[in-house]
Amino acid sequence: MQTVIANRNDFFQPNCCPVALRSIQGDASMQHDGDLTDIRHTHDFAELIVISQGSGKHWIDGNVYDVNAGDVFLLQGNTEHYFTERNNLGMFNLMFDEFYLQEHLRSLRILPGFNGFFLIEPTYRHRHKFRNRLHLQGEELIAMISRFRQLENEVKLKRPGFDLILFARALEIFVLISRKYFESPDTQSRSMCNLAELVTLLENNYAENWSVARMCKISSLSPSSLIPAFKEITGSPPVEYLLHVRMTKAAEKLLNGQEQISEIAAACGFTDSNYFSRQFKKHYRCSPLQYRKQKFS
């Protein structure tokens, strides 16, 4: 089967915030413009899916997963997917451009539940056979459906600023889902959140003294399990990742502050300013002083 590339113009309004909402109710095909529910496709934006009723089989990157009412999951950009089977399926699709929202997503990354659900779960979906998905039921599912119904009304009426309302409510939904995922008693989800909590702590407490033993304690993983798992979700081993975070923060301070280089080094977790300078030059191909001068050149 050939993969179709979805046209973002079918979903995002021109000159509006790139957040969109679509819904599917029942098994009829082509329920909205650009509806590719039953066609294998991909797109360069992310998609949050909430199954509101029924069930189905969802093909994602070569694997088929059963989905049921109450399931909530994320499809990151450039993921191939479609439904191979639908049984009175109802769902809401909240689509958003990750690049456009990156400043807000950076703020959300202080939430371990956000890192677990939005970043780690999609990476480990195949390995854990989708067992660590978020599942809502009872009043929680009813409340979530009600939120989406309100958003549908905004999209339908298209009053001035409707895209900003959609954007603001989307962020609210992201936070609520992140909290719920973090509070989940499911063992797999708990494992994801432990790893996510480590990512969160490294990004926010980068100046602290970190050891592999401390990282293992937070993630509840052994060194032999932590290092490959961490690398799979971030692209780097944890120590390398921490160094990258420290370098990024140091670069920001060099351009936006007036502190001495030794002060910046200490503020970013380096006890030796000479070691900091060597690492900075290796990372940015110039010294900290040269990097700071770029602002005024």
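In this text, all values refer to a predicted model and were calculated from it rather than measured experimentally.
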Establish whether V245 and L111 are linked, either directly or via other cluster members, by ILVMFWY side-chain heavy-atom contacts under 4.5 Å.
yes
To the nearest 0.5 Å, what is the distance between CG on L221 and CD1 on I227?
11.0 Å
Between the side chain of D97 and the main-chain N/O of P18, is any donor-acceptor distance below 3.5 Å?
no
Do the charged groups of K180 and E183 touch, with an N to O distance under 4.0 Å?
no
Greater than 12 external heavy atoms within 6.0 Å of H244's NE2
no
To the nearest 0.5 Å, atom CZ of F73 lies from atom CE of M91 at 7.5 Å
What are the two closest non-hydrogen atoms of L254 and R292, and how far apart are they?
O-NE, 3.0 Å
To the nearest 0.5 Å, atom SG of C268 lies from atom NZ of K253 at 5.5 Å
Hydrogens and angles aside, do E80 and T3 bring a side-chain donor and acceptor to less than 3.5 Å of each other?
yes
Would you call the rings of F276 and F270 parallel, tilted or perpendicular if under 30° counts as parallel and over 60° as perpendicular?
tilted
Any side-chain to backbone donor/acceptor pair from R86 onto D27? Under 3.5 Å, distance only.
yes
Quick one: does W59's side chain get under 4.5 Å of N63's, heavy atoms only?
no
Please walk me through it: do I173 and M144 pass side-chain contact (heavy atoms from CB on, under 4.5 Å)?
CA-CA 8 Å; I173 288 171; M144 184 62 70; 4.2 Å; yes
Please set out all donor-acceptor pairs under 3.5 angstrom arising from side-chain atoms of residues 158-166, sequence neighbours excluded.
| residue | atom | partner | partner atom | Å |
| --- | --- | --- | --- | --- |
| K158 | NZ | V155 | O | 3.1 |
| R159 | NH2 | E154 | OE2 | 3.4 |
| D163 | OD2 | C17 | N | 2.8 |

Rounded to the nearest 0.5 Å, what separation is found between the OG atom of S146 and the CG atom of L141?
11.0 Å
Working note: N194 + L198, criterion side-chain contact (heavy atoms from CB on, under 4.5 Å); need CA distance, chi angles, decisive distance, verdict.
CA-CA 6 Å; N194 287 342; L198 176 58; over 6 Å; no
For residues N153 and R149, determine if any side-chain heavy atom of one lies less than 4.5 Å from a side-chain heavy atom of the other.
no
Mind checking whether F45 and F96 sit in one hydrophobic cluster, side chains of I, L, V, M, F, W, Y counted as touching below 4.5 Å?
no
Can you hop from L21 to F12 via hydrophobic side chains spaced under 4.5 Å?
no
So for atom CZ, which belongs to R169, do other residues, nucleotides or ligands contribute more than 12 heavy atoms lying within a distance under 6.0 Å?
no
Charged N to carboxylate O under 4.0 angstrom, E172 versus R147?
yes
So, do L243 and H283 sit near enough that their side-chain heavy atoms are less than 4.5 Å apart?
no
So M95 and L48, side-chain contact (heavy atoms from CB on, under 4.5 Å) or not? Walk me through it.
CA-CA 6 Å; M95 294 158 279; L48 176 69; over 6 Å; no
Of all heavy-atom pairs between Y82 and H58, which one has the smallest distance, and what is that distance?
O-CD2, 3.1 Å
Could you walk me through whether Q13 and N15 satisfy the side-chain hydrogen bond (donor to acceptor under 3.5 Å, both in side chains) test, starting with their C-alpha distance in whole Å, then the side-chain angles of each, then the deciding distance to 0.1 Å, before giving a yes or no?
CA-CA 6 Å; Q13 296 288 321; N15 302 316; over 6 Å; no
Linked, directly or transitively: L101 and F117 (ILVMFWY side chains, under 4.5 Å)
yes
Quick one: are F230 and V199 in side-chain contact, heavy atoms under 4.5 Å?
yes
Test side-chain contact (heavy atoms from CB on, under 4.5 Å) applied to V64 and F83, step by step:
CA-CA 9 Å; V64 178; F83 279 86; over 6 Å; no
Linking I/L/V/M/F/W/Y whenever their side-chain heavy atoms sit closer than 4.5 Å, directly or via other members, would L94 and L176 fall into one cluster?
no
Please answer whether the main-chain N or O of E208 pairs with a side-chain N or O of N205 as donor and acceptor at a distance below 3.5 Å.
no
Inter-residue atom distance I5.CD1 - L36.CG, 0.5 Å rounding
11.5 Å
Would you check if the side chain of D35 reaches a backbone N or O of Q31 as a donor-acceptor pair within less than 3.5 Å?
yes
Nearest-0.5 Å distance, CD of residue Q25 to CD of residue Q53:
5.0 Å
Looking only at non-hydrogen atoms, find the nearest pair between A251 and Y284 and report the distance.
CB-OH, 3.5 Å
Please confirm whether the backbone N or O of S287 pairs with a side-chain atom of Q290, one donor and one acceptor, at under 3.5 Å?
yes
Evaluate the ring planes of Y291 and F280, with Trp represented by its six-membered ring, and classify them as parallel (under 30°), tilted (30 to 60°) or perpendicular (over 60°).
perpendicular
May I ask you to check whether over 12 heavy atoms, not counting those of R40, lie within 6.0 Å of atom CZ?
yes
Over all heavy atoms of both residues, which pair between E203 and Y206 is shortest? Give the atoms and the distance, please.
O-CD2, 3.4 Å
Verify, without hydrogens or angle tests, whether S178 (side chain) and F174 (backbone) share a donor-acceptor contact under 3.5 angstrom.
yes
Aromatic plane relationship, H43 with H81 - under 30° parallel, 30 to 60° tilted, over 60° perpendicular:
perpendicular
Tell me the closest heavy-atom pair linking L226 and S219, and the distance in Å.
CD1-OG, 3.7 Å
Smallest heavy-atom separation, F92 atom then S23 atom, equals CD2-CB, 3.8 Å
Go through the side-chain N and O atoms of S236 and T234 and say whether any donor and acceptor fall under 3.5 Å apart.
no
Minimum side-chain heavy-atom gap L74-I49 below 4.5 Å:
no
D44 side chain reached by R8 side chain, heavy atoms, under 4.5 Å
yes
Between S29 and D38, is any side-chain donor less than 3.5 angstrom from a side-chain acceptor?
no
List in chain and number order the residues that pass salt bridge (charged side-chain N to carboxylate O under 4.0 Å, His left out) with R22, two or more places apart in sequence or in another chain; answer none if no residue qualifies.
none
Indicate whether any N or O donor in one side chain lies under 3.5 Å from an N or O acceptor in the other, for N78 and Q76.
no
